[in-house]
Amino acid sequence: AKDVLKKAQATGANFEQLAVEYSDDPTAKGWGDVPGNKGNLGAFERSQMVEKFSNAAFAAEEGKIIGPVETEFGLHIVKINKKM
C-alpha cells in the first residue's frame with residue numbers, strides 16, 4: 001500500500017488507473033457490462049463510511065492523497081477531490 005501511495009502521489013500519476021490496477025475491490029474494476037467506479041466513491045457524508053476511513057478523509061486537505069488508511073475492509077489510499 002505504501003508503494004501504491006508513492007505512485008499515486010507522483011507528479012502526473014493517474015489515480016483512477018492505479019485504482020483499477022491495484023484495488024482488490026471489484027467495484028473499482030467493474031464486471032461484465034458494468035463499468036467500474038475506478039476508485040471514485042463520489043461525495044459522501046462522514047456517517048456513510050466506517051469511522052477510521054471518514055476520520056482520515058475529513059481530516060485531509062482537498063487535493064491531497066493520503067494513506068494507507070486501515071479499516072476492517074483493508075488498506076485504502078484516499079484522494080480528496082473536493083470537500084463540500
Side-chain angles (χ1 to χ4, degrees):
K2 289 180 182 178
D3 289 340
V4 176
L5 175 63
K6 286 179 187 176
K7 289 179 182 185
Q9 291 174 330
T11 301
N14 184 321
F15 190 84
E16 291 180 343
Q17 183 178 349
L18 291 170
V20 169
E21 184 175 347
Y22 291 101
S23 181
D24 291 334
D25 182 353
T27 64
K29 301 174 196 293
W31 58 93
D33 292 338
V34 178
N37 64 18
K38 299 180 181 176
N40 188 338
L41 301 177
F44 59 86
E45 295 181 17
R46 184 182 289 266
S47 62
Q48 291 179 278
M49 301 294 177
V50 294
E51 185 176 12
K52 286 183 182 180
F53 187 94
S54 285
N55 287 346
F58 280 85
E61 294 178 33
E62 191 172 295
K64 296 292 183 180
I65 299 173
I66 61 165
V69 176
E70 187 172 6
T71 72
E72 58 265 36
F73 299 104
L75 295 171
H76 311 275
I77 306 300
V78 185
K79 180 178 179 184
I80 312 302
N81 291 320
K82 187 173 182 180
K83 294 178 99 171
M84 302 173 109

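I77 and I80 fall into different hydrophobic clusters, where Ile, Leu, Val, Met, Phe, Trp and Tyr are joined by side-chain heavy atoms under 4.5 Å apart, directly or via other members. Grouping the Ile, Leu, Val, Met, Phe, Trp and Tyr side chains by contacts below 4.5 angstrom, directly or via other members, places V4 with I65. Criterion: ILVMFWY side-chain heavy atoms under 4.5 Å apart, direct or through other members. Under it, F73 and V78 are part of a common hydrophobic cluster.
Remark: side-chain polar atoms of E62 are paired, donor with acceptor, to backbone N or O of K83 under 3.5 angstrom. Side-chain N or O atoms of K38 include none that pairs as donor or acceptor with a backbone N or O of A28 at under 3.5 Å.
A pairwise comparison of heavy atoms in E21 and K29 identifies O-NZ, 3.8 Å as the closest pair. Between A8 and F15, the shortest heavy-atom distance links the atoms CB-CD1, 4.1 Å. Residues A57 and I66 share a closest heavy-atom pair of N-CD1, 4.2 Å. Smallest separation of non-hydrogen atoms from A13 and L18: CB-CD1, 4.3 Å. In plain terms, the two heavy atoms of K7 and Y22 that are nearest each other are NZ-OH, 2.5 Å.
Within 6.0 Å of atom CD in E51, 12 or fewer heavy atoms from other residues, nucleotides or ligands are found, so the atom counts as exposed in its surroundings.
At a threshold of 4.5 Å between non-hydrogen side-chain atoms, the residues L41 and F53 count as touching. Put simply, the side chain of T71 does not reach to within 4.5 Å of the side chain of M49, judged on heavy atoms.
Annotation: the span from L75 atom CG to K2 atom NZ amounts to 10.0 Å, rounded to 0.5 Å. Rounding to the nearest 0.5 Å places CD of E45 at 10.5 Å from CE of M84. Interatomic distance, K64 NZ to K79 NZ, rounded to the nearest 0.5 Å: 12.5 Å.
A donor atom on one side chain and an acceptor atom on the other are not found under 3.5 Å apart for S23 and D25.
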